[in-house]
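Have a look at this one.
Position 1 is the first residue of the sequence; numbering continues from there.
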Amino acid sequence: MKQKTHIAGLALAICMIGATAFAAPVNQMANHETAIGAHTKGAYVEHKVMSKATVGYEYMDRDEYQNQDAAYLQYDLIGSEVKAIGGYRWNLPGDKSNAFIGAAVSTPKIFGFEAYASYTAGKDFNETQVGINKNLIANIDANLNYHNFKPDEGHHEDGIGVGLTLKF
């Protein structure tokens, strides 16, 4: 148990000093479950409001641009492994705000690991993320991912990110 606590602490420390970009990971959740997460450059909260629909909010701290906020809906298409995503993002480069759509896929959990990939795009940006969630203890997951954010104006950001998620 003590070793798992050290691993969780190390992951949190890496979150605070790590990579250049990060978005909320793709979570598989039970009906009426909530996930709250902190990651390298932001935080998110999402809640599965019914068996197939999850609503969420994310705050992102970008390197060159203002902080961005996003509200989104994920809809499970095939089990909880294939999702459609739709939402709205504020404070994009050039003072733009965009509705966006996308998709996400994830693997079933194998030995506590779950791989995923997501892609979202709006009129003025697109972003891709691939990563792995790992259950550390009970309802705490760690996340490691590669994230690529490409706005139409300005420079794109990409890098490795880490985070922790608490589900309840």
Checklist entry - Are side-chain heavy atoms of Ser118 and His147 found at a separation under 4.5 Å? => result no

Item to check | Cluster link Tyr146 to Val162, ILVMFWY, side chain under 4.5 Å | outcome: yes

Next on the checklist: Testing the basics here: between Phe168 and Ile36, what is the closest heavy-atom pair and its distance to 0.1 Å?
Outcome noted: CE2-CD1, 3.5 Å

Checklist entry - So does Lys150 have more than 12 non-hydrogen atoms from other groups sitting under 6.0 Å from NZ? => result no

Item to check | Heavy atoms from other residues, nucleotides or ligands near NZ of Lys109 exceed 12 (cutoff 6.0 Å) | outcome: yes

Next on the checklist: Tell me if a side-chain donor or acceptor on Lys167 pairs with a main-chain N or O of Gln28 at a distance below 3.5 Å.
Outcome noted: yes

Checklist entry - Can you tell me if Gln74 uses its side chain to pair, donor with acceptor, with the backbone of Lys83 under 3.5 Å? => result no

Checklist outcome for this item: Tightest non-hydrogen contact, residues Ala71 and Trp90, listed as N-CZ3, 3.6 Å

Next on the checklist: If I compare all heavy atoms of Thr40 with all of Gly161, which pair ends up nearest, and what's the gap?
Outcome noted: OG1-CA, 3.5 Å

Next on the checklist: Please give me the minimum heavy-atom distance between Ala35 and Met29, naming the atom from each residue.
Outcome noted: CB-SD, 3.5 Å

Item to check | Donor-acceptor contact below 3.5 Å, side chain Asn91 vs main chain Asp69 | outcome: no

Checklist entry - Where do Asn67 and Tyr59 land on the side-chain hydrogen bond (donor to acceptor under 3.5 Å, both in side chains) test, with the steps shown first? => result CA-CA 7 Å; Asn67 300 329; Tyr59 164 82; 2.9 Å; yes

Checklist entry - In Å and rounded to the nearest 0.5 Å, what is the CE to CD distance from Met60 to Gln68? => result 5.0 Å

Checklist entry - Given Thr120 and Phe125, is the side-chain contact (heavy atoms from CB on, under 4.5 Å) satisfied, shown in steps? => result CA-CA 8 Å; Thr120 56; Phe125 78 97; 4.2 Å; yes

Item to check | Atom of Ser51, atom of Asp76 and distance for their closest heavy-atom approach | outcome: O-OD2, 3.7 Å

Checklist entry - Is the side chain of Thr165 donor-acceptor paired with the backbone N or O of Asp141 at a distance under 3.5 Å, no angle test? => result no

Checklist entry - Only one of Tyr57, Tyr88, Tyr44 clears side chain to side chain contact (heavy atoms under 4.5 Å, CB included) with Tyr72; which? => result Tyr44

Checklist outcome for this item: Taking every heavy atom of Glu46 against every heavy atom of Thr54, the minimum-distance pair comes out as CB-CG2, 3.9 Å

Checklist outcome for this item: In this structure, CD of Glu127 is separated from OH of Tyr119 (nearest 0.5 Å) by 9.5 Å

Next on the checklist: As an exercise, state the distance from NZ of Lys48 to CG of Asn31, rounded to the nearest 0.5 Å.
Outcome noted: 7.0 Å

Item to check | Partner residues of Phe113 under the ring pair (Phe, Tyr, Trp, His ring centres under 6.0 Å) criterion, sequence neighbours left out | outcome: none

Item to check | Arg89 vs Ser97 side-chain heavy atoms within contact, under 4.5 Å | outcome: no

Item to check | Distance, nearest 0.5 Å, that separates CD of Glu114 from CG of Asn135 | outcome: 9.5 Å

Checklist entry - Tell me, do Phe100 and Leu92 make a side-chain contact under 4.5 Å, heavy atoms counted? => result no

Item to check | Tyr75 reachable from Met50 in the ILVMFWY side-chain graph, under 4.5 Å edges | outcome: no

Item to check | Cluster overlap Leu164 with Leu166, hydrophobic side-chain contacts below 4.5 Å | outcome: yes

Checklist entry - Rounded to the nearest 0.5 Å, what separation is found between the OG1 atom of Thr128 and the CZ atom of Phe149? => result 11.5 Å

Item to check | Under the salt bridge (Lys or Arg N to Asp or Glu O under 4.0 Å) test, residues paired with Asp124 that sit two or more places apart | outcome: Lys96

